[in-house]
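Right, one structure below, let's go through it.
Every number for a ligand or one of its atoms is a count from 1 in the order of the listing.
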Amino acid sequence: MNGPIGMFDSGFGGLTVARAMIDLLPGEDLVYIGDTGRYPYGSKPLGDVRDFATEITRSLVDDYGAKAIVVACNTATAAGLDDVRDELSARDVPVIDVITPGVKALVSTTTTGRVGVIGTVGTVSSGAYPQAIARTGIPVSLTSAACPGFVEFVERGQTTGDEVTVLAERLLAPLVKADVDALLLGCTHYPFLARTIGEVMGHGVTLVSSADETAFAVRRRLGEAGLLRSGDNRGVHRFASSGDIDVFRDLGGRLLGPELEHTESWPPHR
Ligand code: DGL
C-alpha cells in the first residue's frame with residue numbers, strides 16, 4: 001500500500017514517536033505535521049485542541065493521501081481521539097494513539113505497582129490516563145502530575161541545564177514522594193528531557209516513553225489492515241509546520257536526526 005503514514009503533534013514532541021517509527025519501519029513513507037503555529041496544546045481548552053486534531057487529520061488524508069494516522073500527541077489524544085476516529089470512520093484509515101501503548105508499557109514495567117504519569121495540564125485534567133489504566137484491569141496505584149513549562153523548554157531547544165532541573169525538582173516532587181518505580185512520560189515532548197527527569201527521579205525509577213510501544217502498535221495495525229509496505233526500498237519522510245519552517249528544520253533536525261533536513265509549510269495551500 002503506497003500512501004504515507006500521517007502523524008502530528010503540537011510541535012516537536014511527536015518527533016520522539018517519528019524516530020521510533022522510522023527505525024522500526026524504515027520502508028514506510030511518513031508525513032509529519034508539527035502545529036508549532038498554534039502550540040502549546042497542553043494549556044488550551046480541550047475543545048480547541050479537538051478542532052485542531054480533526055483539521056490536521058483531514059488534511060493528512062486529503063492533502064497527503066495518508067493511509068493511517070498516528071496521533072503523536074497525548075493532549076490531542078485525550079481531547080479528540082474519538083472525533084478523529086469519527087472523522088475517518090467512513091474511510092477505512094486506521095488511527096493509532098499514544099496513550100494506550102504508553103499505558104501498556106507502564107503497567108508491564110512496574111514491579112511495586114506504584115506508577116506515575118506526567119503530562120500537560122490538558123492531558124492530566126482530562127482523566128484519560130486513569131481511564132486507560134483502569135481498562136487494562138491491572139491494579140496499580142497511580143500518581144499523576146501536570147508539568148507546565150516542560151514543553152516550552154523543548155520548543156526552545158533547551159533540554160538540559162539548571163533552569164530545567166529546578167523546575168523538574170519542583171514538579172516531580174509528588175512522584176518522588178509517592179515512591180513510584182515506573183514513570184510514564186505522558187507527553188511526547190518529555191523524552192527530550194529524559195536526562196534531567198531521570199536524574200531527579202533517581203536510579204530506582206524506570207522512565208517509560210510511549211514512542212517505541214506506539215511504533216509497534218502501528219506495525220501491528222498496518223499488518224492487520226494489509227497496509228504494510230513490502231520490499232526493502234527506503235521510505236520518504238516529509239515534515240511540515242504551521243509555524244516558522246526554518247526554525248522547525250533547524251531544531252527538528254537536531255532533535256530527530258538527519259532525516260529532517262527540509263520542512264514544508266502547513267497547510268500546504270495557504
Ligand atoms: N506533545 C504534546 C503531548 O504529548 C503536547 C505539547 C503541548 O502542550 O503542546 O501532549
Would you say the side-chain atoms of Tyr190 pair up with the backbone N or O of Gly119, donor to acceptor, closer than 3.5 Å?
yes

Ser242 side chain to Gly37 main-chain N or O, any donor-acceptor pair under 3.5 Å?
yes

Classify the contact between [X] and ligand 1 as side chain, backbone, both or neither, using a heavy-atom distance cut-off of under 4.0 Å.
X: Asn74; result: both
X: Thr188; result: both
X: Asp9; result: side chain

Among all the protein's non-hydrogen atoms, which is closest to [atom], and how far away is it?
atom: atom 10 (O) of ligand 1; answer: Thr75 OG1, 2.6 Å
atom: atom 8 (O) of ligand 1; answer: Gly42 N, 2.8 Å
atom: atom 6 (C) of ligand 1; answer: Ser10 OG, 3.3 Å
atom: atom 1 (N) of ligand 1; answer: His189 ND1, 2.7 Å

Which of the ligand 1 atoms, numbered from 1, are nearer than 4.0 Å to a heavy atom of Tyr41:
7 (C), 8 (O), 9 (O)

A student checking ligand 1 against Thr120 at a 4.0 Å heavy-atom cut-off should list atoms 5 (C), 8 (O), 10 (O)

According to the interplanar angle, ranging from 0 to 90°, do the rings of Phe12 and Phe248 count as parallel (below 30°), tilted (30 to 60°) or perpendicular (above 60°)?
parallel

Gap separating the CG atom of Leu30 from the CG atom of Leu25, nearest 0.5 angstrom
9.0 Å

Restricting to non-hydrogen atoms, name the atom on Ala76 and the atom on Val71 that form the minimum distance, rounded to 0.1 Å.
CB-CG1, 3.8 Å

Can we say Glu55 and Arg38 salt-bridge, meaning some charged N sits less than 4.0 Å from an Asp/Glu carboxylate O?
yes

Salt bridge flag under 4.0 Å for residues Asp23 and Arg19
yes

Does Cys73 have a non-hydrogen atom less than 4.0 Å from ligand 1?
yes

